[in-house]
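Read through the structure below, which is laid out as structure tokens, and then see the notes.
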Amino acid sequence: MKLSPEEFKQAVFDLTRLIPSGRVSTYGAIAHCIGASGASRRVGWALNQCFGEIPPVPAHRVVNRLGLLTGAVHFPDDAPMARQLREEGIQVADNQVVGFDEVFWDPWEAGNG
DNA sequence: CATCTGACCTAGT
DNA sequence: AACTAGGCCAGAT
């Protein structure tokens, strides 16, 4: 299953929007869920375009494999990544999610659970 | 046009 | 378990 750039971006957005509050997901999980395992980089690239999208995409709920807020540097000053996470109850320390394994949410639960 | 980099992960040894 | 190599597409130089 191969997705077009538009479908890929949409898939990433839709899947990211499915991430429940107080939870976080990873690029690989999303990429793997949409059938783009290995293309994790594109997930970040797509999420980079999430700003200004309607409905808004909680890209702040997406972190890397280690729970590091690697994308925080690309977030707007009005909506810092770590801050939005804290707004949902997720604790962050040094650009790293606290209890990552506990707040980790697998996109697979989006349509299976 | 060619080369390197980037919100990263998976596979092989 | 630790290390090395490959993938994936687009943007920037």
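All chains are named by letter (A, B, ...) in the order of the sequence lines, taking the proteins before the strands, and each is independently numbered beginning at 1. Atoms considered below: every heavy atom in the structure, side chains included; atoms not considered: hydrogens, waters and symmetry mates.
Per the geometry, CG belonging to A:Asn48 stands 14 Å off C1' belonging to B:dT5, to the nearest Å. Rounded to whole Å, atom P of B:dA7 lies 16 Å from atom CZ of A:Phe13.
Using a 4.5 Å cut-off on side-chain heavy atoms (C-beta onward), A:Val62 and A:Leu47 make contact. A:Leu69 is listed as a side-chain neighbour of A:Leu85, based on a closest heavy-atom distance under 4.5 Å. Using a 4.5 Å cut-off on side-chain heavy atoms (C-beta onward), A:Pro58 and A:Thr16 make contact. Contact check for A:Arg83 versus A:Val92: no side-chain heavy atoms found under the 4.5 Å cut-off. Side-chain contact check for A:Lys9 versus A:Gln49: some heavy-atom pair is nearer than 4.5 Å. A:Pro80 places none of its side-chain heavy atoms less than 4.5 Å from the side chain of A:Phe75.
Of the residues in residues 74-82 of chain A, A:His74, A:Phe75 come within less than 4.0 Å of DNA chain B through at least one heavy atom, sorted by number.
At the heavy-atom level, A:Ala46 lies nowhere under 4.0 Å from the strands shown.
A donor-acceptor pair under 3.5 Å is absent between the side-chain atoms of A:Ser40 and the main chain of A:Tyr27, judged by distance alone. Without hydrogens or angle criteria, A:Ser4 side chain to A:Glu7 main chain gives no donor-acceptor distance under 3.5 Å. Within the 3.5 Å criterion, the main-chain N or O of A:Gly67 finds a donor-acceptor partner in the side chain of A:Asn64.
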Item to check | Intermediate values then yes/no, salt bridge (Lys or Arg N to Asp or Glu O under 4.0 Å), A:Glu88 and A:Arg61 | outcome: CA-CA 10 Å; A:Glu88 299 187 352; A:Arg61 291 182 192 157; 2.6 Å; yes
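Comparing B:dC1 with C:dA10, their P atoms sit 16 Å apart, to the nearest whole Å. Spacing of P atoms, B:dA7 relative to C:dA5, comes out at 23 Å, to the nearest Å. Spacing between B:dC4 and C:dG6 at atom P, rounded to whole Å, works out to 15 Å.
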Checklist outcome for this item: Per-nt protein contacts along nucleotides 8-13 of chain B (heavy atom under 4.0 Å; B base, S backbone sugar-phosphate only, - none) come out as BSS---
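Using bins of under 30°, 30° to 60° and over 60° for the plane-to-plane angle, the ring pair A:Phe8/A:Trp45 lands in the tilted bin.
Contacts between chain A and DNA chain C, taken as any atom within less than 4.0 angstrom of a protein heavy atom, begin and end at C:dG7 to C:dA10.
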